[in-house]
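Following: one structure in structure tokens, then a few remarks.
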2 protein chains.
Amino acid sequence: MDSGNSGGARPPRTRRKMQRVTMSDVAKAAAVSPSTVSLFLRKPSAVSERIASRVQRSIDELGYVPNYVAGGLAAAGSKVVSVIVPSLRNAFFSETVAELERLLARGGLQTLVGHTEYSLDQEEALVRAALSWAPAAVVLTGCRHNAATRKLLLRSNTPVVEMWELGGQVIDQAVGFSHEQVGRHIARRFIDQGYESAAFIGARLDEDFRAAQRSEGFLAEMQEAGITARLVENSAPASTSNGVRLFEEVCMNPVRAIACSNDTLALGVLFEAQRRDLSIPTELALAGFGDLDFAAQMVPPLTTVRPAADKIARKVAECILRPQAETDRQNSPFPTEHDTGFTLVPRASG
Amino acid sequence: MDSGNSGGARPPRTRRKMQRVTMSDVAKAAAVSPSTVSLFLRKPSAVSERIASRVQRSIDELGYVPNYVAGGLAAAGSKVVSVIVPSLRNAFFSETVAELERLLARGGLQTLVGHTEYSLDQEEALVRAALSWAPAAVVLTGCRHNAATRKLLLRSNTPVVEMWELGGQVIDQAVGFSHEQVGRHIARRFIDQGYESAAFIGARLDEDFRAAQRSEGFLAEMQEAGITARLVENSAPASTSNGVRLFEEVCMNPVRAIACSNDTLALGVLFEAQRRDLSIPTELALAGFGDLDFAAQMVPPLTTVRPAADKIARKVAECILRPQAETDRQNSPFPTEHDTGFTLVPRASG
DNA sequence: CTTGTAAATCGTAGCGCTATTATCTGTTGC
DNA sequence: GCAACAGATAATAGCGCTACGATTTACAAG
């Protein structure tokens with residue numbers, strides 16, 4: 001219509017594009033080909049120094065910012081790692097995410113986070129979204145997932161790391177420890193101290209499988225030692241105020257020792273005990289899980305279990321980064337577990 | 001070699017490709033064109049019901065997972081929002097990120113997090129990386145950034161939201177409140193109670209500009225009221241154990257009231273005061289910032305300031321989501337500030 | 001039956017980059 | 001001086017998808 005369209009000339013497509021400096025712009029400015037710019041960016045040592053400096057100057061002058069989206073498409077795989085945790089409000093996970101992000105950034109990987117609020121369906125949705133980014137790896141928390149999630153992951157052929165828990169059916173790689181053992185160790189300590197009644201305080205045990213396992217380990221060990229121990233739980237989050245509430249419930253039927261599913265809950269117990277003039281550990285022994293920063297500062301200091309959080313993050317990062325390094329070796333086809341262990345930290349509270 | 005290559009047949013390029021189900025595969029299986037599948041995915045209402053169900057069935061059967069990387073490239077802009085915070089260890093930010101992620105997910109946006117460890121150079125690096133994803137928006141913490149960051153953002157033409165602080169030179173949109181005012185309000189409370197000496201305890205004030213502003217507001221208000229107030233700080237993180245350390249330093253030269261740059265620090269002060277048998281608030285008044293969950297549970301409960309954290313997250317999400325909704329209206333070219341305010345929460349500690 | 005019009009579907013050209021092959025430089029050895 | 005060779009640079013073909021216009025279909029009106 002508007003052009004001499006006899007041969008095959010088409011009206012020029014109006015294509016919206018990001019108005020941004022592209023690699024070709026840089027190439028033009030540096031008077032080299034786009035491939036050379038690309039090569040320089042990916043492997044600077046492969047281009048001559050003369051060209052390198054010219055390209056670098058053009059990049060700086062134009063303020064070129066590479067487009068990972070295009071890069072990811074061309075290279076069949078993006079440089080993101082998707083990390084999915086139950087909750088960022090939980091100090092364990094926010095710390096792990098933070099550390100992981102730091103470590104992965106060194107390897108040139110970006111971290112995409114998602115949180116499931118302890119819902120397996122939500123997890124499935126997040127995994128689906130994550131896979132849409134053709135991620136370099138997917139990191140999940142725990143080893144319980146619904147069937148769809150598992151299938152999605154398996155057929156995607158993406159490296160998967162499950163962290164903070166061991167003992168399930170591993171998809172690809174798992175880094176963590178046994179929560180049941182944690183519960184047993186705490187129980188063992190109470191038993192050794194000769195306490196004759198105990199309770200386990202837990203929040204959201206129906207969704208937080210790891211906390212539930214700790215409670216089970218605790219109760220089992222207690223029972224095996226012939227000590228009465230009961231479980232007091234609710235479905236509110238594991239907060240200090242919920243610790244207060246749960247402890248109030250325990251008090252209706254007092255016990256000699258309390259194990260909490262984590263330190264935050266224990267802090268609530270401590271405060272409420274102070275309010276009730278209950279002396280710790282003389283009248284009530286208290287233990288937590290996590291060894292969060294405040295645990296050692298509490299009055300009295302809190303007996304707790306320290307998971308090797310940093311070790312977990314490091315190991316997970318390693319699982320993701322290593323395969324990249326060894327290009328010629330294919331991923332080991334066998335699921336692997338890495339036990340990072342934990343430490344009982346005995347302090348004055350119980 | 002392997003084909004009848006006389007005309008112009010080239011040896012087939014061995015192109016690694018993600019071995020994954022593509023949209024064309026789905027189209028083929030559903031006997032429609034790829035564009036129809038794409039249309040169905042983006043705007044299901046635009047295709048007939050008959051076709052919709054056929055396409056959906058093929059998607060399910062093949063286990064098709066869309067490739068956002070390709071989509072982002074074609075659509076000139078990805079569906080990620082990059083959120084950059086100083087630290088995920090800080091409960092404010094981990095909560096904000098969590099809430100933001102939740103809200104943005106509803107709008108079909110994914111959250112990419114980065115944390116700067118309170119370094120402006122690190123922030124620049126993260127912004128650079130973020131922009132490489134052609135993000136739908138970038139969310140930053142605070143309104144102090146180095147010149148390069150600012151320039152990068154400005155020329156990128158990406159929506160930018162700065163959160164948790166007001167008062168700087170806004171790039172695009174800002175959501176937060178005045179930290180100086182927070183400091184002044186706490187001071188005002190101490191003044192009204194008639195305390196005659198005070199200290200402000202702060203961690204990392206050289207990097208945490210917001211905490212620094214709170215301290216400045218506090219000290220200024222005190223000085224204007226003619227009350228001696230000093231600043232005690234160090235460069236360790238704002239943890240409970242650091243609160244203990246900083247309080248020990250204050251004790252070498254006791255004061256009647258202490259304001260902490262946040263609740264976590266105040267918790268340390270409480271514990272150390274208990275250890276020293278110092279009664280709160282009779283001998284020492286204490287105030288914090290944040291109103292974290294444990295603040296109300298402390299013995300005595302902590303006087304603190306509650307920032308409208310959820311409101312911040314909601315407003316930020318709104319700033320990002322709204323422009324998408326109103327397609328025909330272009331972004332307002334004027335930087336905007338939204339003040340979310342804060343609340344002084346008076347409790348027994350001071 | 002034709003025609004007109006709206007709705008549904010399709011065809012195609014890139015988005016900006018990377019991987020791969022092809023081409024072009026210089027060097028060295030005889 | 002020229003072949004042989006390595007090292008540096010360039011040309012090219014997509015990656016999988018979306019936007020846009022073009023085409024087809026469905027259906028009402030004439």
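These numbers were taken from a predicted model, which means no experiment stands behind them. Residue numbers start from 1 in every chain, and the chains themselves are labelled A, B, ... in the order their sequence lines are given, proteins ahead of strands.
- Between the E162(A) side chain and the I171(A) main chain, a donor and an acceptor come within less than 3.5 Å of each other.
- Under 4.0 angstrom from either OP1 or OP2 of dG16(C) there lies no side-chain N or O belonging to T22(A).
- If you measure from atom CH2 of W133(B) to atom P of dC17(C), you get 13 Å, rounded to the nearest angstrom.
- Taking atom NZ of K28(B) as the reference point, atom C1' of dG16(D) lies 13 Å away to the nearest angstrom.
- Under 4.0 angstrom from either OP1 or OP2 of dC10(C) there lies no side-chain N or O belonging to S35(B).
- For Y64(A), counting side-chain heavy atoms from C-beta on, the closest listed nucleotide (dC17(C), dC17(D), dC10(C)) is dC17(C).
- Closest to the side chain of L73(B), out of dC10(C), dG16(D), dC17(D), is dG16(D).
- Residue R20(B) contributes atom CZ, which lies 14 Å from atom P of dC15(D) at whole-angstrom precision.
- Neither OP1 nor OP2 of dC15(C) sits under 4.0 Å from any side-chain N or O of Y68(B).
- Regarding contacts with the backbone of dC10(C), a side-chain N or O of S33(B) is found under 4.0 angstrom from either OP1 or OP2.
- Computed from C1' positions of five pairs at each end, the angle between the two local axes of the helix from dC1(C)-dG30(D) to dC30(C)-dG1(D) equals 40°, rounded to 10 degrees.
- Checking dC15(C), dC10(C), dA19(D) against the side-chain heavy atoms of A75(B) singles out dA19(D) as nearest.
- Distance, N67(B) CG to dG16(C) C1': 15 Å, rounded to whole Å.
- No side-chain heavy atom of Y64(A) sits less than 4.5 Å from a side-chain heavy atom of S58(A).
- For T116(A) (side chain) and Q122(A) (main-chain N/O), no donor-acceptor pair under 3.5 Å exists by modelled atom type.
- Using a 4.5 Å heavy-atom cutoff, the side chains of E318(A) and H338(A) are not in contact.
- Rounded to the nearest 0.5 angstrom, E99(B) CD and I312(B) CD1 are separated by 11.5 Å.
- In this structure, the nucleotide among dC15(D), dT9(D), dA19(D) sitting nearest to the side chain of I51(A) is dT9(D).
- The interatomic distance linking K79(A) (NZ) with dC15(D) (P) rounds to 20 Å, in whole Å.
- Donor-acceptor pairing under 3.5 Å is lacking for the side chains of E124(A) and T149(A).
- For the side chain to side chain contact (heavy atoms under 4.5 Å, CB included) criterion with T111(A), the lone passing option out of L100(A), L103(A), V83(A), V80(A) is V83(A).
- Atoms CZ (R54(B)) and P (dA8(C)) sit 15 Å apart, rounded to a whole Å.
- When rounded to the nearest whole Å, the span between CE of M23(B) and C1' of dG16(D) equals 8 Å.
- Of all non-hydrogen atoms in C319(A) and V161(A), the two that sit nearest each other are CB-CG2, 4.0 Å.
- Minimum heavy-atom separation, R155(B) to L62(A): NH2-O, 3.2 Å.
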Under the side chain to side chain contact (heavy atoms under 4.5 Å, CB included) rule, what do V32(B) and V37(B) come out as? Steps first, then yes or no, please.
CA-CA 7 Å; V32(B) 295; V37(B) 178; 3.8 Å; yes
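- DNA chain C lies under 4.0 Å from at least one heavy atom of each of the following residues of residues 37-50 of chain A: S38(A), R42(A).
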